[in-house]
Amino acid sequence: MCEDDHGHDPTGIGRRAVFVTGAAAALTLGSVSFASAAPRERRTRTVRGTLPPGAPDFVYVPVEVPRGVREIHVAYTYDRPAVPAGTQGNALDIGLFDERGTDLGGRGFRGWSGGARTEFFVRADDATPGYVPGPVRPGTWHIALGPYTVAPQGLSYEITVTLTYGEQDAVPRPVYPPERARGRGRAWYRGDCHLHSEYSDGRYTLAEIAELARAAGLDFINSSEHNTHSAHAHWAGLAGDDLLILLGEEVTTRNGHVVALGTEPGTFVDWRYRARDNRFGRFARQIRRAGGLVVPAHPHATCIGCNWKFGFGEADAVEVWNGAYTPDDEVALADWDGMLVASVRDGGRDWLPAMGSSDSHRSPDVIGRPQTVVLADDLTREAIQEGIRAGRSYVAESAKVALSLTASGGRGEHAGIGERLRVDRDTPVTVRLEVTGAPRCTVRFVTDQGVLFTGDPLPVSGAGTVEWRTTASYAAYVRAEVRHETAAGPLPGALAAFTNPVFLGR
């Protein structure tokens, strides 16, 4: 129900409408109405309701905003009843759409904080992190609720909407970070492309991320807040000649997450669809039209809604290693290797490069563990993206670890990571890996036939060179893994680094 300041229900919110949008099913409640008021006055309405188990992915609360409003403030709470072991409790996300509507991919998006905040505000000159400043125009706005999980008892919520009346301040002109930093020409550049701050569900400030990125030896980072681009306009003062800041989003659907990497400033990518809705291709193309890369994140993560279910046909790369190395990363690595094997059927021409990122949210998450090290022509957005797209990269647990993987033939032929050594099937090939910063780690060479070489542990200095000889008929590709010592059992140790492949053959 909805109550005004006197406890009445002027909106008839009990009359609800259920409809199906262009994507997931949605529930729309009756409108919350406000009358006009004098400048500096505040008016408040409270909405209460209960969502049953199996509620639609999104529930919209329409708010009729009259002329003369300066600020919209929303606060909400919901109950968290005890549930049996193994049963999901209540979790309710929240966001806001303005008078331009809630159409999928439309222009009405004004912010999303998921479950990270209990209140937010929007006005012309400012907004809570996660939300976008801009004019507060009259019309029907929508509070968007996302019942992420609902307990068997249902999810009871209360939303309080407060309008402040008065003249609006000017909308600030956004300033974005430059698309170029002072590079070293063609060189290996280190980056972390999956990070979170207070602009979504992280605890780091943007300034803390920039400071920690520099301390981790990174050359570039990518802004990737959950389902919002609101941080884009706040990075400019933190970039510099030594740090390139790309702009993007972690598009967080109910069927997996995808990082939009290096999109044009101000690009918002909608997330309100599932794999069965057949909408992902549309938004993958939007990411690319905006100059970004499509990178499915942590595809085998075990959190609810995190496991990737959209397939990889639209991907430009895949995040194989996410944060501290765990069993789901080992599964992702094996799955990616299976995709490499499948690509051999068409000569390796259509293969998917791998990446690694920290997905850092708060201390003690380590920014830059892991990091993607990219061979790029310069430290620019386009050059970094081209290096990632081409697979000229490896993933390392820190800036201490450096790799060089090459393959060479008998007549001076030479290829590096992400490249092809064009030799006949039976031509002898020498694969060479140079490693630094990996004490007591073991080198493995992995091919389409599996692990075909395992070296002795590297010395305590962490530096060493490993060579292996093969042919294109024996190995269609070779990639390197550098692993820590195995503590116990038959499984290999956690990764210190791994490379994208070098392909062998015509």
Could you give me the CA-CA distance, side-chain angles and deciding distance for Trp336 and Phe498, then say whether ring pair (Phe, Tyr, Trp, His ring centres under 6.0 Å) is met? CA-CA 12 Å; Trp336 169 67; Phe498 76 93; 5.7 Å; yes
Taking atom [atom1] of [X] and atom [atom2] of [Y], what is their separation to the nearest 0.5 Å?
{"X": "Ser358", "Y": "Leu195", "atom1": "OG", "atom2": "CG", "result": "4.5 Å"}
{"X": "Ile287", "Y": "Leu261", "atom1": "CD1", "atom2": "CG", "result": "10.0 Å"}
{"X": "Glu481", "Y": "Leu495", "atom1": "CD", "atom2": "CG", "result": "5.5 Å"}
{"X": "Gln371", "Y": "Glu397", "atom1": "CD", "atom2": "CD", "result": "9.5 Å"}
{"X": "Tyr189", "Y": "Ile384", "atom1": "OH", "atom2": "CD1", "result": "7.0 Å"}
{"X": "His229", "Y": "Phe268", "atom1": "NE2", "atom2": "CZ", "result": "7.5 Å"}

Is a side-chain donor or acceptor of [X] paired with a backbone partner of [Y] at a separation under 3.5 angstrom?
{"X": "Asn222", "Y": "Cys193", "result": "yes"}
{"X": "Thr372", "Y": "Met355", "result": "no"}
{"X": "Ser113", "Y": "Ala116", "result": "no"}
{"X": "Gln286", "Y": "Thr267", "result": "no"}
{"X": "Asn90", "Y": "Ala151", "result": "yes"}
{"X": "Gln153", "Y": "Ala82", "result": "yes"}
{"X": "Asp192", "Y": "Ser357", "result": "no"}
{"X": "Asn255", "Y": "Ala275", "result": "yes"}
{"X": "Asn500", "Y": "Arg392", "result": "no"}
{"X": "Gln385", "Y": "Gly262", "result": "yes"}

Checking side chain to side chain contact (heavy atoms under 4.5 Å, CB included) for the pair Tyr131/Thr228: CA distance, chi angles, key distance, verdict? CA-CA 8 Å; Tyr131 294 79; Thr228 181; over 6 Å; no
Donor + acceptor pair across side chains of [X], [Y] (<3.5 Å):
{"X": "Glu158", "Y": "Thr46", "value": "no"}
{"X": "Thr140", "Y": "Glu99", "value": "no"}
{"X": "Tyr273", "Y": "Thr253", "value": "no"}
{"X": "Asp328", "Y": "His300", "value": "no"}

Is it the case that more than 12 heavy atoms not belonging to [X] sit under 6.0 Å from its [atom1] atom?
{"X": "Asn278", "atom1": "CG", "value": "no"}
{"X": "Glu382", "atom1": "CD", "value": "no"}
{"X": "Glu330", "atom1": "CD", "value": "yes"}

Please give me the minimum heavy-atom distance between [X] and [Y], naming the atom from each residue.
{"X": "Phe34", "Y": "Val161", "result": "CZ-O, 3.6 Å"}
{"X": "Asp125", "Y": "Ala170", "result": "CB-O, 3.5 Å"}
{"X": "Ala390", "Y": "Trp351", "result": "O-CZ2, 3.5 Å"}
{"X": "Gly292", "Y": "Thr263", "result": "CA-CG2, 3.9 Å"}
{"X": "Pro152", "Y": "Pro53", "result": "O-CG, 3.6 Å"}
{"X": "Tyr394", "Y": "Thr499", "result": "CB-CA, 3.7 Å"}

Under 4.5 Å between any side-chain heavy atoms of [X] and [Y], yes or no?
{"X": "Val251", "Y": "Phe280", "result": "no"}
{"X": "Ile143", "Y": "Ile94", "result": "yes"}
{"X": "Ser363", "Y": "Tyr204", "result": "yes"}
{"X": "Leu375", "Y": "Ile417", "result": "no"}
{"X": "Ser156", "Y": "Thr50", "result": "yes"}
{"X": "Pro52", "Y": "Val150", "result": "no"}
{"X": "Arg479", "Y": "Leu340", "result": "yes"}
{"X": "Val318", "Y": "Pro299", "result": "yes"}

Tell me whether the rings of His226 and His257 are parallel (<30°), tilted (30 to 60°) or perpendicular (>60°).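 The arrangement is perpendicular - the two ring planes meet at more than 60°.
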Mind checking whether His196 and His194 have parallel, tilted or perpendicular rings, split at 30° and 60°?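 Correct class here is perpendicular.
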Cation-pi check, Arg254 to Phe58: give yes when NZ or CZ is under 6.0 Å from the six-membered ring centre and within 45° of the ring axis, no otherwise.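 The answer is yes; both the distance and angle limits are met.
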For Trp112, enumerate each residue passing the ring-ring contact (aromatic ring centres under 6.0 Å, His included) test, keeping only those at least two apart in sequence or located in another chain.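 For Trp112, the residues satisfying ring-ring contact (aromatic ring centres under 6.0 Å, His included) (neighbours in sequence not counted) are Trp271.
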Not counting sequence neighbours, which residues clear ring-ring contact (aromatic ring centres under 6.0 Å, His included) with His142? List them please.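 With neighbours one apart ignored, the set is empty.
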Partner residues of Asp219 under the salt bridge (Lys or Arg N to Asp or Glu O under 4.0 Å) criterion, sequence neighbours left out: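 By the salt bridge (Lys or Arg N to Asp or Glu O under 4.0 Å) rule, Asp219 matches Arg184.
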Presence of salt bridge, Asp378 and Arg180, under 4.0 angstrom: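 Answer for the salt bridge query: yes.
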Please, which pairs that meet disulfide bond (SG atoms under 2.5 Å apart) have at least one residue in residues 61-180, sequence neighbours excluded?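 The answer is none; no pair qualifies.
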If you look only at pairs with a residue in residues 272-311, which of them pass as a disulfide bond (SG atoms under 2.5 Å apart), with sequence neighbours excluded?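 Matches after skipping sequence neighbours: Cys303-Cys306.
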Hey, mind stepping through Val258 and Phe283 against side chain to side chain contact (heavy atoms under 4.5 Å, CB included) and telling me if it holds? CA-CA 11 Å; Val258 61; Phe283 292 98; over 6 Å; no
Would you check, one step at a time, whether the test salt bridge (charged side-chain N to carboxylate O under 4.0 Å, His left out) holds for Arg288 with Glu314? CA-CA 10 Å; Arg288 281 193 283 271; Glu314 296 283 355; 2.5 Å; yes
Walk me through whether Val47 and Tyr157 qualify under side chain to side chain contact (heavy atoms under 4.5 Å, CB included). CA-CA 8 Å; Val47 175; Tyr157 61 86; 4.2 Å; yes
Run the numbers on Ser343 and Asp350 for side chain to side chain contact (heavy atoms under 4.5 Å, CB included), then give the verdict. CA-CA 6 Å; Ser343 76; Asp350 185 21; 5.7 Å; no
Return the set of residues passing side chain to side chain contact (heavy atoms under 4.5 Å, CB included) with Arg107 (not counting sequence neighbours), or none when no residue passes.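 Partners of Arg107 under the side chain to side chain contact (heavy atoms under 4.5 Å, CB included) test: Arg100.
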